[in-house]
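Here the structure is laid out as structure tokens; the discussion comes afterwards.
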Amino acid sequence: MTIDVATGIARILKQEGVDWVSTFPVCRVNNALGREGMPMLMLRDDRYAVAVADAFSRITAGTRIGVCTFQGGVNAAGLQYAYAGLAQAYEDGSPVLCITDGVPAGSSGNSQFDVASSMKTVSKWFGYLDKPERVPEFMRRAFTMLRSGRPGPVILAIPNATATYDETADPYRPVKGWKSAPDPADIRAAVALLLQARNPLIYAGEGVIYAGASGELKALAELANMPVITTLKAKGAFPENHPLFVGVRGDQVEHFLNKSDAILAVGSSLSPGRFSHRIPDAAKKTIIHCNVDELHINKIYPTAQAVIGDARMTLQALRQEVSDRTSGAGRPAGTMAAEVKAARDKGFAKYRELMASGEKPINPYRVYGDLMKVLDLHNSFVTHESGNTRDQLSTVFDTLIPRGFLGWGNVSTLGFSLAAAIAAKKAFPDRATVAVTGEAGLGYMLGNLEVLLREKLGVTVAHISNGGFAGYGPGFWGPGHDPFTHSVLGPDEVDMSKVVGALGFHSERVREPTEIIPALRRALAANASGRPAYIEFVCCQYPVYGQWVGRSSE
Ligand SMILES: Cc1ncc(C[n+]2csc(CCOP(=O)(O)OP(=O)(O)O)c2C)c(N)n1
Ligand SMILES: [Mg+2]
């Protein structure tokens, strides 16, 4: 049967189990998506269309692929705006499928902005559909790349959505996605090094989450009695109430990173970015680097032993090898759990106090502490914004299930939290879902608040309202790094709860610490009936949080 390209794409997406697509109009495949009955979640800008699909892939660990469409072609306004979302997805390695209009044959080279070359810089693959018959081939290739190997965005440009082809000539079969097991010789060598080490440390990255390997990580850590730290993006890969869990950042993480003589990195690039640690004294440590591809091996630090392959199979094999070499006994438990507890207690002492603080304006840690009390940490989703909320939540927020918390940002683009919360609600409708933001993040999300009302998405936006941009380091103000560009209208000048309330949100403004828990409960109750909520917590400026090792605060 002869069908048009856009219809073919819509049908293949359905075959691939895609059950909704995020978009900002216009994109020439959208009408076919509509006609084929594919639900479209319409955001209010193109960057959000990408970010919601991106976050959906992250939150579901790539088991459900987020798909988005936006305007491209000769009038690539949407694509130019979407670029920010694409760059973020690429930087963070998210397997999102992006469909846009391609520049039609005969029109290339007419515009100043070159669509193809810009898209190539932010994608695992940029496919330009130069012939309608290639729809099944391109979709096969796209889903193969989305489901195999190192995750990253795939962008398809469709120059002529109404061109036709014969659907029966190359019938589409859904793509499974493939994994590879590590070389057994590498596993043996890695375990030999691990068992020689006096103070090995597991450094777990997001690859563990994408591989669905949290259980295997726990099993290896327990048998080998190794303490565990996770990266920001992997926060939640290891249960944070486990006796071997050290943290994401903070003094206790620094203690274990300094002390370690061997690092077992799994599913992390180990690249020291703005939001990750440097390995201190790396030349003196034995670095065992397990990754899905070779890109990161010997990248920053010399790798003593590489193990290339799927993180789950790698962790299973490492555990088996540790077990075989120790007759099932593993490494002796020693006092490891007590040492971790002591380091955590010391590292957390000041934050625990702050989480109980009755000061006014409210200390932001009090909000985080109360949030942990109100939420069922086994059935909720929390994410941060760029700025102090990321730094503070990633220091103290207890994450008990994978993706109970979404940490994001090799570079962290303001405004992503609401997109992440929308995606989380789509992925896990029964989970209480909270985006914690400052005023800059709120500014980026304002236009998209309508989406929550229209789609009846019960999400709570918790605004840590401190009247300025704290950002990184000691804050923009006072001795901070950007004292001339931090101040915005704060709670004394604007009542944001009225602004957002007028849209139709359940909204509140909270100045009393004792009101935090009741207000959160009311917000979550409103969410349960599909009504979004906004709470403005009037907070003090408090740029204090755990540091990244090896990075001066700036
Ligand atoms: C798109 C984008 N531009 C600039 C930045 C740099 N930046 C990081 S945090 C921040 C200000 C954050 O202020 P606010 O939202 O009030 O949060 P606070 O730190 O005060 O909690 C800025 C400008 C960014 N992360 N993203
Ligand atoms: Mg602020």
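Ligands are counted one by one from 1 in listed order, and the atoms in each one are counted from 1 as well.
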Give the atoms of ligand 1, by number and element, whose distance to some non-hydrogen atom of [X] is under 4.0 Å.
X	value
Gly441	15 (O)
Glu439	14 (P), 15 (O), 16 (O)
Ala470	13 (O), 18 (P), 19 (O), 20 (O)
Gly468	16 (O), 20 (O)

Notebook entry, point to check: Contact between Thr413 and ligand 1, counting heavy atoms under 4.0 Å?
Noted result: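 Thr413 counts as a contact of ligand 1 under the 4.0 Å cut-off.
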Next item on the list: Answer yes or no on whether Lys233 is positioned over the face of Trp408, meaning its NZ or CZ is under 6.0 Å from the six-membered ring centre and within 45° of the axis.
Entry: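 Negative - Lys233 is either too far from the ring of Trp408 or too far off its axis.
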Check: What atom name does the N, O or S atom of Glu439 nearest to the Mg ion (ligand 2) carry?
Finding: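 Atom name returned: OE2.
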Margin query: I'd like to know: is the Mg ion (ligand 2) within the 2.8 Å range of an N/O/S atom from Asn388, strictly under that distance?
Written below: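 For Asn388, the answer is no, given that no N, O or S atom comes within less than 2.8 Å of the Mg ion (ligand 2).
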Note to self: Using a distance threshold of 2.8 Å, state whether an N, O or S atom of Ile464 lies below it from the Mg ion (ligand 2).
What the structure shows: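 So Ile464 does not count as coordinating the Mg ion (ligand 2).
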Margin query: Taking Arg522 first and then Glu515, would you say they form a salt bridge - that is, a charged N and a carboxylate O separated by under 4.0 Å?
Written below: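 Answer for the salt bridge query: yes.
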Checklist line | Test: Glu240 and Lys235 ion pair at under 4.0 Å | finding: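 Lys235 and Glu240: salt-bridged.
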Check: Taking the side chain from Ser268 and the backbone from Gly205, do they hold a donor-acceptor pair closer than 3.5 Å?
Finding: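 Checking the backbone N and O of Gly205 against the side chain of Ser268, no donor-acceptor pair under 3.5 Å is found.
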Margin query: Would the distance check show the side chain of Thr433 and the main-chain N or O of Arg431 forming a donor-acceptor pair, the cut-off being under 3.5 Å?
Written below: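 Side chain of Thr433 to backbone of Arg431, a donor-acceptor pair under 3.5 Å: yes, one is there.
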Item checked: Close N or O approach (Gly387, ligand 1; < 3.5 Å) ->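 No, Gly387 has no N/O under 3.5 Å of an N/O on ligand 1.
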Notebook entry, point to check: Taking only residues two or more places apart in sequence or in another chain, which ones pass ring pair (Phe, Tyr, Trp, His ring centres under 6.0 Å) with His277?
Noted result: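 In terms of ring pair (Phe, Tyr, Trp, His ring centres under 6.0 Å), with neighbours along the sequence ignored, His277 is linked to Trp548.
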Check: Among Ser465, Ala440, Ser412, whose heavy atom sits nearest atom 15 (O) of ligand 1?
Finding: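 Ranked by closest heavy atom to atom 15 (O) of ligand 1, first place is Ala440.
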Next item on the list: Count the heavy atoms belonging to other residues, nucleotides or ligands that lie under 6.0 Å from NZ of Lys299, then report whether that count exceeds 12.
Entry: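 Yes.
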Notebook entry, point to check: In chain order, what residues pass the side chain to side chain donor-acceptor pair (under 3.5 Å) check against Thr389, with sequence neighbours excluded?
Noted result: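 Result, side chain to side chain donor-acceptor pair (under 3.5 Å) vs Thr389: none returned.
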Margin query: Does only the side chain of Asn466 get under 4.0 Å from ligand 1, or the backbone, or both, or neither? Count heavy atoms.
Written below: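 It is the side chain that gets close, since no backbone atom is under 4.0 Å.
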